[in-house]
Structures are given as C-alpha cells and as structure tokens.
Protein chains: 2
Amino acid sequence: MTVTIKDIARKAGVSYATVSRALNNRPEVSEKTRREIQRLAAEMGYKPNAIARGLVTRETLTLGLVIPDITNPFFPEVARGVEEAASEAGYSVFLCNTNWDVDKERTYIELLEEKRVDGLILASVTEDEGYLAELLSRKTPVVLINRILDQVDTNYVAIDNVKGAQQAVEHLISLGHRRIAYVGGLEHVESTTERLHGYRLALAINNIPFEEELVRYGSFKKESGYENALSLLSLPEPPTAIFAANDILALGVIQAIKERGLKVPENVAVVGFDDIPFAAYAEVNLTTVAQPKYTMGEMAAKILIDEIRKGPSPEKKHIVLPPTLVIRASSGGRREGPKNSKH
Amino acid sequence: MTVTIKDIARKAGVSYATVSRALNNRPEVSEKTRREIQRLAAEMGYKPNAIARGLVTRETLTLGLVIPDITNPFFPEVARGVEEAASEAGYSVFLCNTNWDVDKERTYIELLEEKRVDGLILASVTEDEGYLAELLSRKTPVVLINRILDQVDTNYVAIDNVKGAQQAVEHLISLGHRRIAYVGGLEHVESTTERLHGYRLALAINNIPFEEELVRYGSFKKESGYENALSLLSLPEPPTAIFAANDILALGVIQAIKERGLKVPENVAVVGFDDIPFAAYAEVNLTTVAQPKYTMGEMAAKILIDEIRKGPSPEKKHIVLPPTLVIRASSGGRREGPKNSKH
DNA sequence: TTGTAGGCGTTATCAT
DNA sequence: ATGATAACGCCTACAA
C-alpha cells in the first residue's frame with residue numbers, strides 16, 4: 001500500500017539501489033535518471049521511511065528533551081530554543097514532561113534511549129548522581145541544563161545561580177532590608193540549593209546573621225510560594241523582604257502578601273528568579289534575576305548536535321551564562337518602572 | 001557494541017527467536033528459559049531497539065503534536081494533557097512548535113509522517129483546507145484541536161467559540177457597555193473568526209450596531225493586543241470595553257489602557273479568552289472565557305489512540321466542549337473578586 | 001553510471 | 001517449547 005523505493009524502481013525500470021541514490025541526491029547518478037526518479041517519486045506519493053533508514057544508518061535525527069514542568073513559562077522558552085536550533089539542523093525533538101517526578105524522569109530517559117534518540121538534553125531533578133553518572137557513561141551524548149555534577153565531567157549549559165541570587169539579595173540589602181527570607185522550591189534541586197548559597201553569601205558579606213526560620217522549601221509551584229509566604233508573615237518578627245527561588249513562587253508570595261492586606265513593596269519587598277514573560281507585566285512588575293532561557297536551550301541543542309556529529313570528545317563543554325538582575329517595582333528599587341517594562 | 005537479542009541468544013545457547021519471545025513475555029516459552037534470558041538481558045544491559053521493532057511491527061508508539069505557540073500558556077496545558085494520556089497508554093510524543101508559520105506546520109507534518117508516527121494531533125493554523133483534507137485522506141489517524149472543517153469529516157476536540165465569545169460580550173453588555181471593541185489575532189484563524197462571530201451575535205441580539213472600526217486583527221502576541229488597543233483608544237469615540245480573542249492579547253490591551261493613564265475596568269473594561277493561569281492572578285484579575293485546556297489535550301490523545309488501536313472508523317469523533325465565563329475584576333463585573341481567585 | 005547483495009535488530013511464520 | 005528463516009524498507013560496499 002505505502003509506496004517504497006522498490007515500487008519506484010519497478011516503475012522506473014532500474015534497481016532500487018539507484019532509486020535510493022537518486023532520492024538522496026548522491027553524485028553517482030546521471031542527471032537524467034535522477035530527475036525521472038524524483039518525478040516518479042513525487043507522482044507516486046513516495047515518503048521515505050525514517051524508521052527503516054534509521055535502522056541502517058544508526059541515526060534517527062531525533063533528540064530527547066526532558067523537562068520537569070512545561071507549565072512553568074521558563075521551560076517553554078528553553079524548549080523553543082532547543083527546538084528551533086534542532087529543527088534548523090534537521091533534528092526533531094521528543095518533549096518529555098516529568099512533572100518533577102524522578103521516576104518518570106528515569107522512565108523517560110530509558111524510553112528515549114530505546115527509541116534511539118541521537119542525543120539527550122536533560123533538565124534533571126533527580127538527586128541520584130550515581131544514576132546520572134552511569135547515564136553519562138553510555139554512548140548517547142547528553143547535555144544537562146542548569147545542573148552541574150561533582151563527580152563526573154559532562155556537557156552543561158547553566159546559569160550562575162549563586163551570583164544571580166547574591167545580586168538579588170544584595171539589591172534588597174542595599175534598599176535597607178536586613179530581615180530577608182528565602183522561599184525555595186524542592187529542597188534538593190540545584191536551583192533551590194545554589195540560590196540558597198547566593199542568598200547566604202550576600203547575607204554573610206553584609207554581616208547579616210543567617211536565620212534558619214527565614215528559609216522555606218516546598219515545590220516550585222505557586223501554591224508553595226503562597227503558603228510559605230503566609231507562614232513567614234506569621235512569624236513574631238516577619239521578614240521585610242522575600243527572595244523566591246523562581247518567579248512562579250514569587251507570584252505566590254505576592255499573592256499571600258496582598259491577601260494579608262500588606263503592600264508590595266512598601267511592606268514587603270519581593271524578588272524572583274527567571275524573568276518569565278509575566279514578570280514584566282505592569283500589573284506584576286516583578287524584580288527578578290533574568291536567565292537567557294531561549295539561548296540556554298539553543299546552546300544546549302547546538303552543543304549536543306555538535307557532539308553527535310563529531311563524536312564524543314574528551315573535553316566536555318561547560319557553559320555558564322551570566323544572570324541579570326532586572327529591577328522592577330516589586331522590590332522597591334526604582335531603576336525600572338512600569339512605563340519602561342518591555343511588552 | 002550495543003547488545004542485541006542475538007548476543008543474548010548466543011550467550012544463552014538458544015535461538016534469537018526464543019530470546020525475542022522471552023523478552024516480550026510471550027506464553028510459548030518455558031518459565032525457566034524466560035527467567036534465564038531475562039536475567040541475562042538485564043545483566044548484559046540489553047535495551048530493545050524500538051527502531052528495529054517499529055520497522056517490523058509497523059507501529060512506533062509515537063504521536064505527533066503540532067502546536068503554533070508553546071510560549072502561550074494555553075498550549076503547554078494542552079500538551080500536558082496530551083502527553084499524560086499518551087504516556088499512560090505507552091506512547092511518546094513529538095512536540096512541534098510552528099511559531100504560527102504555516103510552512104513550518106506543513107514541513108513538520110510531513111516530517112512526522114516520515115518518522116512514522118502512529119497518529120497526529122494538530123492545532124493547525126493553515127488556511128489551506130485542501131491540504132488538510134488531503135492529509136486526512138492519508139492513513140495516519142488525525143485529531144484536530146479547535147479546528148472544524150467544512151468539507152471533510154474528521155476527529156476534533158474543540159470549544160464552542162461562538163458561544164464563549166457571545167457570553168463574554170453579553171456580559172459586557174449587561175454591565176451597560178454599548179461601544180465594545182474586538183481585538184482578534186491572526187485574521188483567518190478560527191479562534192479569531194469564530195469569536196468574532198460570537199461577538200457579532202451578541203451585538204445583534206442586543207440591537208447594537210456592528211462597527212467595522214471597532215474590530216482589529218494582528219497576531220496572537222501581546223504586542224499585537226497592545227498596539228491594537230492603543231489604536232482603538234485613539235479613536236474619536238473610543239470603546240468603553242474591549243473583548244480580546246485570547247488572554248495574551250488581553251494582557252497587552254490592559255497594558256495599553258494603563259499606559260494611557262486609564263483604569264481597568266473603570267474607564268475601559270476588558271475580557272479575554274482561554275483562562276491561562278496568569279489570568280487568575282490577583283494583579284491581573286482578568287475576566288475571561290475558560291477553556292478546559294488539559295481535558296482538550298487529554299481527550300484528543302485518547303480519541304487518537306483509540307482510532308490507532310481499533311483502526312479507522314467511518315464515524316469520526318466530534319467533541320465540542322463548553323466554555324465557561326469566569327468573571328473577575330477586569331470587566332467590572334463583581335461576581336468574583338481578587339480574594340476568591342484560585343491560586 | 002548502475003546492479004547485486006548483505007545487513008541493520010526485530011517480529012512473525014513456518015517447521016520441528 | 002524451540003529453531004530456522006523470511007520479512008520490514010532502506011543504505012552501501014562491491015561488482016559489473
């Protein structure tokens with residue numbers, strides 16, 4: 001039913017090797033037969049079978065992208081970067097959403113390997129470095145996003161979380177805050193822990209004592225930011241500023257503050273992380289640490305495809321992108337007002 | 001290098017047919033050899049090759065999902081619905097983002113067919129119904145999202161755009177507005193045209209004359225909403241309310257209104273469409289027409305997988321989901337205030 | 001320039 | 001219960 005190169009060969013009166021060559025635009029075919037065959041192929045509605053091709057060429061021109069939460073606007077931007085760079089190079093991408101579930105993450109990775117993707121881009125949330133190390137020892141090239149391993153060398157594209165967080169907190173300190181809380185996400189995920197580092201660093205440098213009770217964990221969902229903020233505001237001595245590990249959390253934090261009848265930033269200043277598109281909206285106006293999301297995805301894909309094409313290299317690529325503090329109204333810093341927010 | 005069933009067969013001293021049977025848990029294998037083979041497979045780090053399997057079984061357990069804009073929070077929700085339903089049924093999904101580009105859409109569809117996906121879910125933006133009709137006549141099952149064709153019968157999951165838009169506009173009318181503008185997206189895309197229908201219907205029913213100058217088109221991006229709103233506000237007789245074809249546009253509209261020094265909803269009321277998560281935020285508080293996004297994706301996947309498994313059916317599935325008007329502050333209707341917004 | 005034939009890793013259909 | 005062996009659709013030496 002579906003037409004194959006054999007069908008074309010029969011109709012054209014040539015061997016199917018010739019058809020294969022003609023269709024792949026190989027030089028060793030006469031211009032005349034090439035044209036004839038391509039005409040026939042089009043006419044017969046031939047569509048190459050990438051599965052069959054993949055079996056023999058041992059490449060699928062397919063990448064796997066594993067992310068934890070497509071619902072968080074950070075990841076679609078990254079995914080777009082990956083996809084456009086991939087597509088430009090002739091690759092498709094399997095998009096897998098793990099919902100922050102490490103088991104699902106693992107299942108997906110194994111599945112992608114069974115599907116013989118040519119490479120893998122992971123925004124991993126697993127704590128099991130042993131698993132990742134083992135994975136990296138396999139033959140499928142991998143690029144990690146926002147994840148740096150201690151034990152193993154690997155390709156990664158990341159942001160300088162420590163510096164970003166430090167800048168955010170120092171900004172708050174420079175505005176006079178000394179009682180600053182940190183609302184993290186999942187406790188053991190790098191974006192929580194590294195940003196905590198930066199937070200502590202900023203405090204230390206400015207001789208502000210670190211207080212355990214001002215640090216909270218949860219998920220990376222808005223609800224978690226909301227609840228942790230409520231709890232922080234109920235402290236005998238509540239914080240005057242809150243730094244959230246990402247913008248979604250920050251939005252939850254702001255909601256909690258407002259529901260308590262308090263104002264942002266007059267009563268409580270807020271800073272987030274990521275600079276998702278909605279942070280810039282006049283109604284939100286969130287001071288935040290911007291990540292070059294699209295670029296991160298784009299670079300990850302390019303590095304991956306490069307490794308796929310050139311084969312494994314002893315030196316892995318390490319990209320650490322600089323964060324950018326974007327000051328808007330929510331922190332009370334006035335460098336950028338609503339009128340200047342990009343739209 | 002990579003271990004195949006032949007390697008296992010050699011080591012186990014059986015034919016590779018037996019290995020295949022054992023690994024697939026076929027009944028015609030003795031319990032003993034099955035166990036032994038599975039042990040060996042695990043020990044040798046065997047990983048089935050889905051490409052090879054796909055070549056012979058003629059199914060890839062893979063779906064293609066084509067959407068125009070992963071950056072619009074509407075689509076990640078849909079994608080999550082598709083992905084979870086697919087994953088539960090053992091399918092993976094290729095996520096393709098067309099950036100509202102019809103050529104890219106077409107290229108992706110062809111590519112997905114070459115990759116032999118078992119089925120296709122399309123949120124298509126092409127005006128070329130002929131192409132879609134031809135596509136639907138091929139053997140790959142297809143489900144359309146928010147797209148209904150005149151000429152051809154096909155599976156689809158959609159929302160009642162006309163009714164949704166009508167409700168939105170009637171809500172504005174009931175609040176006393178009579179000069180209501182419509183900010184559409186791409187002019188020929190169904191979500192623009194159908195919602196325009198609903199808009200006109202509501203006007204007609206209420207004996208409000210339709211005025212061409214109050215209808216604008218552009219893209220589905222925030223910038224487009226922003227610019228069209230600016231232009232509308234510059235009319236000699238500007239509208240007192242604006243209905244936008246989606247929430248992203250509505251956010252742009254709100255920004256324009258505020259930058260003009262006007263207030264929402266006191267000076268200009270705004271209603272959107274989709275109910276993206278950010279619409280519910282206290283700071284935005286957008287009245288909008290909610291679509292069951294996750295459900296739409298989920299149903300599309302289930303319908304598709306059903307057709308894949310049962311083979312083509314003469315009766316296609318038509319699902320039209322009901323829209324829900326969610327009244328928040330931006331329209332000036334007071335049914336739901338910020339305090340009640342979900343978080 | 002073109003044809004022949006082997007093989008990619010599986011599953012499936014015969015026998016045995 | 002197990003073993004040969006032929007597909008699946010394509011690419012690619014090697015031969016002609």
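Lettering of chains follows the sequences in order, A, B, ..., and the numbering in each one begins at 1.
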Is the NZ or CZ atom of B:R80 positioned over B:Y294's six-membered ring, under 6.0 angstrom from the centre and within 45° of the axis?
->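 Ring-cation test returns no.
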
Between [X] and [N], does any side-chain N or O lie under 4.0 Å from OP1 or OP2?
X	N	answer
B:S30	D:dT2	yes
A:R58	C:dG9	yes
A:T18	C:dG3	yes
B:R26	C:dA12	yes
A:Y16	C:dG6	no
B:S20	C:dT11	yes
B:N49	C:dC8	no
B:R53	C:dT11	yes

Rounded to the nearest Å, what distance is computed from the [atom1] atom of residue [X] to the [atom2] atom of nucleotide [N]?
X	N	atom1	atom2	value
A:D7	D:dG9	CG	P	9 Å
B:E59	C:dT10	CD	P	16 Å
B:R34	D:dT2	CZ	C1'	13 Å
A:R10	D:dG9	CZ	C1'	13 Å
A:I5	C:dT4	CD1	P	14 Å
A:L23	D:dC11	CG	P	8 Å
B:I8	C:dG9	CD1	C1'	11 Å
B:L55	D:dC11	CG	C1'	13 Å

Under 3.5 Å: donor-acceptor pair, side chain of B:N155, backbone of B:K317 |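 Checked: pair present.
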
Can you tell me if CZ on A:R35 sees more than 12 non-hydrogen neighbours from other groups inside 6.0 Å?
->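 Counting other residues, nucleotides and ligands, CZ of A:R35 stays at 12 neighbours or fewer.
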
Between the base of D:dG3 and the side chain of B:R21, is there a donor-acceptor distance below 3.5 Å?
-> yes

Just one of B:D7, B:L23, B:T2 clears the side chain to side chain contact (heavy atoms under 4.5 Å, CB included) bar with B:Y46, so which one?
-> B:L23

Between B:F75 and B:W100, how do the two ring planes meet: parallel, tilted or perpendicular, split at 30° and 60°?
->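 The rings of B:F75 and B:W100 stand perpendicular, inter-plane angle above 60°.
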
Check every strand shown and say whether B:K6 touches a base, only sugar-phosphate, or nothing at a heavy-atom separation below 4.0 Å.
->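 Result for B:K6 = base.
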
Can you find a heavy atom in the side chain of A:F74 that is under 4.5 Å from one in the side chain of A:N146?
-> yes

Tell me which nucleotide among [options] gets nearest to the side chain of [X].
X	options	value
B:T33	C:dC8, D:dT2, D:dC8	D:dT2
A:V14	C:dT10, C:dC8, C:dG3	C:dG3
B:E28	D:dA1, C:dT11, C:dG9	D:dA1
A:A52	D:dG9, D:dA4, C:dT10	D:dG9

Find which nucleotide of DNA chain D each of B:V29 and B:R116 is nearest to by heavy atoms, and output the residue with the more 5' nucleotide.
->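 Comparing both residues, the 5'-ward one is B:V29.
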
